Protein chains: 2
Amino acid sequence: MKQTVDMGKASGTTTRRPGRPVGGQLEVGREQVLDAAERVIAREGAGASIDAVAHEAGVTKPIVYDRVGGRADLADALAERLSDRMVSASAAAIATEPGLTRESLTRFIQASLEVVGRNRNLFLYVTGGTTDQTALGRLKLAERSTTPMTSVLAQWRTGQGQDPDVAQAWAFGIVGMLQMVSLWWLTQDERPADVVAAQIADLLWHGLPGAIPGP
Amino acid sequence: MKQTVDMGKASGTTTRRPGRPVGGQLEVGREQVLDAAERVIAREGAGASIDAVAHEAGVTKPIVYDRVGGRADLADALAERLSDRMVSASAAAIATEPGLTRESLTRFIQASLEVVGRNRNLFLYVTGGTTDQTALGRLKLAERSTTPMTSVLAQWRTGQGQDPDVAQAWAFGIVGMLQMVSLWWLTQDERPADVVAAQIADLLWHGLPGAIPGP
DNA sequence: GAAGGAAAGTTACCAACAGTAAGTAATCTG
DNA sequence: CAGATTACTTACTGTTGGTAACTTTCCTTC
């Protein structure tokens, strides 16, 4: 890498030249930069640098900073994408029937796992460390996933006259459970997603004493 | 910082000199370096550098590398310390009675939360990002916490003639839930740990339909 | 008791990377 | 055609993880 292409002129024929947009040509906007970041991360792993992202997008570093901000903002934006993907896949998995059953919960979890499996490196990039204040960044990612879950849970609780205050804690707990299980599952090849999903659904559905009799 | 003290001689009077250990004097071993790392992190936050750790320990950087290895190893070692602290606090909280009840589960979770609260920055350092492969490092931390939990769960499952294979997935799930809830709780001041612990215990004990009636 | 070796550390360095300032080429406006 | 504006690039700074090479002391052996 690094190429050492520093001499000002060079670049043979038609150089990409500064100035106003060429006209109706392809511009490199925020979305293109994020797409490029996803490609680099998918290809080269979670350790991708801003330079690598810029190169993949066909631009230089300051453009990346202009379009998406610093590294924390990049991670945020990608986290947003990934959690949107997870939320919509999970929502689709339980949309076939009203209410929640053990089976639809299993599908919900399995869908979430499969999105992680399809976005392995992106998941590692987003949940893993990038900047110094990553932990709180991860919380932000989680927050996006929890928002719809929280409102559903709160609605249910309110519907039965119970304190809806638990909804937020539960949502964060469930998201954390899913994240950790996903991470663990990624390292366990040969362990089918549907089996793990069913196991976790069992726990969330029946609770601990549902399977473990007390003293 | 940086001091710019580069001139070879200097240093006035009694310089710390290399060579064999001075005798019965204090040596700087692995534990001292880890202690120093904890102090720096507690004082200055999760963004502490290796240099800062070395300085706090009164040694230079290569010593840190000799004693604990690189940054990933440092995070590992600190994760080990923190999870040991959490495991023993949690174990103590449920040791007062045999078997598991909703009340002892609540105390278990609360103890875990309180350890996190007492080691705020260390928790953020360990669960947050440091190196590029942090996500897998976090898995290792989790693994240490899950090991005792897995064996307990597996024992229970086996005792009732059920597949103990779920134990590992459940343990990772529960640890992930606790980590995320802890992280969220850290940002919510004025929310008492015992309340949150009771809420999470409710979820883990009764399961979702225990509180949310089906369609 | 001097010569050789092994410890134990320090200094000084390198490479990589996040982030930014200053310069430059095209386009638009008058 | 002059000047402002836009949009981008080059080239830099500062920090930090990690390491190589040198130095000093102590212990051993002849």
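Residue numbers start from 1 in every chain, and the chains themselves are labelled A, B, ... in the order their sequence lines are given, proteins ahead of strands. Keep in mind that what you see is a predicted model, and the values were worked out from it rather than measured.
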Within this structure, what is the OH-to-P distance between A:Tyr65 and D:dA11, rounded to whole angstrom? 19 Å
Compare every heavy atom of A:Pro148 with every heavy atom of A:Val87, then report the nearest pair and how far apart it is. CG1-CG, 4.2 Å
Could you check whether A:Ser49 gets within reach of a base, just the sugar-phosphate, or nothing at all, counting any heavy atom under 4.0 Å? sugar-phosphate
B:Leu74 CG to D:dT16 P: how many Å, rounded? 15 Å
Can you check the B:Asp66 CG to C:dG9 C1' distance for me, whole Å? 10 Å
To the nearest Å, how far apart are B:Arg71 CZ and C:dA15 P? 22 Å
Looking at B:Ile94, is its backbone amide N or carbonyl O close enough to the side chain of B:Arg107 to form a donor-acceptor pair, meaning the two atoms are under 3.5 Å apart? no
Rounded to whole angstrom units, what separation is found between the NE2 atom of B:His55 and the P atom of C:dT10? 12 Å
C:dT10, OP1 or OP2 - any side-chain N/O from B:Thr60 closer than 4.0 Å? yes
When rounded to whole Å, the NZ to P distance for the pair A:Lys61 and C:dA16 reads 13 Å
Exam field: side chain A:Thr146 to backbone A:Ala142, donor-acceptor pair closer than 3.5 Å: yes
Length of the CD-P vector between B:Glu44 and D:dT16, whole Å: 11 Å
So, with a heavy-atom separation below 4.0 Å from DNA chain C, the residues of residues 35-43 of chain B are none
Would you find a donor on one side and an acceptor on the other, under 3.5 Å apart, between the side chain of A:Trp185 and the backbone of A:Leu113? no
Taking OP1 and OP2 of C:dA8, is either one under 4.0 Å from a side-chain nitrogen or oxygen of B:Arg67? no
To the nearest angstrom, the CD1-P distance between B:Ile63 and C:dA7 comes to 15 Å
Closest to side chain of B:Pro62, choosing from D:dA20, C:dA21, D:dG17: D:dA20
When you measure from the side chain of B:Ser112 to the backbone of B:Phe108, do you find a donor-acceptor pair of N or O atoms at a distance under 3.5 Å? no
Is it true that A:Glu31 and A:Arg67 have a side-chain N and a carboxylate O under 4.0 angstrom from each other? no
List for me each residue that meets side-chain contact (heavy atoms from CB on, under 4.5 Å) alongside B:Asp66, sequence neighbours excluded, and say none if there are none. none
